Amino acid sequence: MGGGSSVPRPAVFNFAHARDAIRINQKKLSDDQLIKVIRQMEYHVNSKKADPADICEDLIDVALCVHARKKCPKVRFGKTELQMPIVTCGGMRIQQTWMPDDIPVLGPKKISHIGKKCQNNLIECVRLSLKLGINHFETARFYGTSELQLVDALSQMIDAGEIKREDIIVQTKVSPAKTNEDFMKTFNKSWKHMSKIGYIDLFSFHGLNNDKHYDWVFQEGGNYEVAKELLAEGKIKHVGFSTHGTPDLIRKTIETDKMEYVNLHFHYFGSYHASYYEDREGGHGNAFNVKLAKEKDMGVFVISPIDKGGALYSPTGTLVDACFPLSPITFQCMWLWEQGVDTLSIGISKPSDFDEVFAAALQSQVPKSKEFVASAASKLERIWDGNIGPFKDWWKGIPTMWEERSQGIAVCHIIWLWTLVKAFGMVTFARDRYKTMEKENAKWKKGKDTLTNISNFSFNPGRHWEPDVNYDAMLEGNPFKKEIISRMRDTHEWLNSKDGSKKSGSNQAYTISTWESFPGDEPSVKDVIMQNVSGGMAGAGGGVTSDYKSLVAQMRKQFAPPRGYE
């Protein structure tokens, strides 16, 4: 169901109770909410797994829960002693541009260079977030103009008396640097904004992803010593780290006992870059690290459970059916809270992005919800086990992409994607993840030695499958060597961007993504530069389009009550 000159009438229109539920509540629903309800209803009507009227009412309740005058539950955020909402307002998807705000000429150095539509959307999101009791805002230097825009909005609200500084929790992140001088140069760019609100509640070492970063932070006289000085000066209140690293690196960082909290990937469907890598404690992924952090009284913040946790805003039919009566988003959130996670960062791009997660936060407080989570987990586990086959513990002893014998191949990450495709049909999500390995693979120079090539990796997981690589050394002693190589080959055939096979097509059920977020869903470097040069008139954009407005108008017309209807 998309835009255009004419949109077919949705199948849900033919079910009187569901149609009437939409008609009765249409005025209460925003444009985004109306489209999301109808799209989800379309799937459930066609799947015929439940009463459309009941499902429609449930979906409308989710959309309208933000008006329920209830607040997001809060928990103690480890040794920081902060009362943290269990949902975090993430700032990576809400900025106007990915172009850093400090680049001369191109960079928007003043808030006046930010488009009004984009900033007004951000302010609307901040106000709704606060209304819902979600008072933790997370951003970073790496997020283009996010810091600039978020702090400007918050500082204006504080100055106007709309909020008090002590009532919000603000987090920003700065990447580790080889020298403290370089680290402070970046921090000062952040402080230029953050000084407007007096201090940074939660300061993170951003992307502590490999041993080099670890050394820069913790070596004698390293970046951590600078953070201690910033603490003494009152510029920051608490220190933690964010990471896309391997389980061993994350554990090593936690065990320094110098961090008060951790931002990491840990999801039901995998731990993102840490997926299937051995944790040296008999398991894999980041489950052990979450447990260890809790034992050390650290706050645990999960990164991107809805996007990097499986693109659950566009779930497959397999996921929807297995999670029902929960949605995949609700299941993911509630499952994570049950694992002891303190807060989940939701990359907000528009106000309606709060709906599903806030509803999950409220539902998580209902005792019976645990039964639904357990039921969904059981069904998903059977699907997972049934597709992966007798492949138990295959990941033991496999090197990470940072080790020489791996030749940079991200074996565990590749097999993780194979599993998601085979078990749950998550092709679209897996292809997006595979692209990151294609980018790393393109950097690989055959004339250079392995360790030099590996040192050029970014935070992404390493190289994809290559037919001319000898896998003997990296898979030595592994009883599943043939299966691993075969499944890596399959994954490449399904997911490579050049000629990926169509036979592994996604069985997407619906999408609750509506209009393209600022600064555009996948802007290129050229787009970002064009946007900045033109003051936002060209290049990467985002925002409501004419096609989307047309779609909404047609849906409202189709579901408009007939004359005399009550």
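In this text, all values refer to a predicted model and were calculated from it rather than measured experimentally.
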Exercise: do Y434 and S497 side chains pair donor with acceptor under 3.5 Å: no

Over 12 non-hydrogen atoms of neighbours within 6.0 angstrom of NZ in K439: no

Non-hydrogen side-chain atoms of M194 and I236 separated by less than 4.5 Å: no

Non-hydrogen side-chain atoms of L292 and E281 separated by less than 4.5 Å: no

Option from Y224, F218, W216 for which side chain to side chain contact (heavy atoms under 4.5 Å, CB included) with P176 holds: W216

Ionic contact status for K422 with D490, cut-off 4.0 Å: no

Salt bridge (Lys or Arg N to Asp or Glu O under 4.0 Å) assessment of K235 paired with E229: CA-CA 9 Å; K235 290 182 177 179; E229 294 174 6; over 6 Å; no

Residues which pass side-chain contact (heavy atoms from CB on, under 4.5 Å) with D182, listed by chain and number, not counting sequence neighbours: A177, T179, K185

M84 CE to I134 CD1 distance, which is reported to the nearest 0.5 Å: 12.0 Å

CG-NZ distance between D215 and K178, expressed to the nearest 0.5 angstrom: 11.5 Å

Rounded distance [0.5 Å steps], CG in L420 versus OG1 in T428: 12.0 Å

Centroid-centroid under 6.0 Å between F203 and F205 rings: yes

Verdict with supporting geometry, V300 and K294, side chain to side chain contact (heavy atoms under 4.5 Å, CB included): CA-CA 7 Å; V300 177; K294 296 298 288 186; 3.6 Å; yes

Basic-acidic side-chain contact under 4.0 Å: D321, K379: no

Heavy-atom side-chain contact between V421 and T491 under 4.5 Å: no

E147-H193 side chain donor-acceptor pair, cut-off 3.5 Å: no

Note, Y143 side chain near H206 side chain (heavy atom, < 4.5 Å): yes

Check: Y261 and S204 side chains under 4.5 Å, non-hydrogen atoms: yes

More than 12 heavy atoms from other groups under 6.0 Å of NZ on K443: yes

Spacing of CZ belonging to F301 relative to CZ belonging to F77, to within rounding of 0.5 Å: 7.5 Å

Note: E438-K435 ion pair, threshold 4.0 Å (strictly below): no

Any residue meeting salt bridge (Lys or Arg N to Asp or Glu O under 4.0 Å) with E404, in chain and number order, not counting sequence neighbours: none

Whether over 12 other heavy atoms sit under 6.0 Å from F457 CZ: yes

From D201 atom CG to T80 atom OG1, the distance as rounded to the nearest 0.5 Å: 9.5 Å

Qualifying salt bridge (Lys or Arg N to Asp or Glu O under 4.0 Å) pairs, either residue in residues 446-464, two or more places apart: K446-D468

Student check: side-chain heavy atoms of E381 and Y268 closer than 4.5 Å: yes

Result of checking W416, F429, F424 against F269 for ring pair (Phe, Tyr, Trp, His ring centres under 6.0 Å): F424

Value rounded to 0.5 Å, distance of CD in E138 from OG in S345: 4.0 Å

Sequence neighbours excluded - side-chain hydrogen bond (donor to acceptor under 3.5 Å, both in side chains) pairs with any residue from residues 329-340: S327-T330

Ionic contact status for R251 with D279, cut-off 4.0 Å: no

Pair H265, H244: side-chain N/O donor-acceptor within cut-off below 3.5 Å: yes

Stepwise side chain to side chain contact (heavy atoms under 4.5 Å, CB included) check, T243 with H213: CA-CA 10 Å; T243 180; H213 296 154; over 6 Å; no

Qualifying side-chain hydrogen bond (donor to acceptor under 3.5 Å, both in side chains) pairs with a residue from residues 388-397, counting only residues at least two apart or across chains: none

Non-hydrogen side-chain atoms of N188 and K192 separated by less than 4.5 Å: no

Lys/Arg N to Asp/Glu carboxylate O, E255 vs K252, below 4.0 Å: no

Student check: side-chain heavy atoms of P328 and V320 closer than 4.5 Å: yes

No-hydrogen, no-angle side-chain donor-acceptor test under 3.5 Å, E233 and Y199: no

Polar side chain donor-acceptor pair, T88 to T343, under 3.5 angstrom: yes

Residue pairs fulfilling side-chain hydrogen bond (donor to acceptor under 3.5 Å, both in side chains) with at least one residue in residues 473-487, sequence neighbours excluded: D472-K481

Cationic N near anionic O, under 4.0 Å, R76 to D342: no

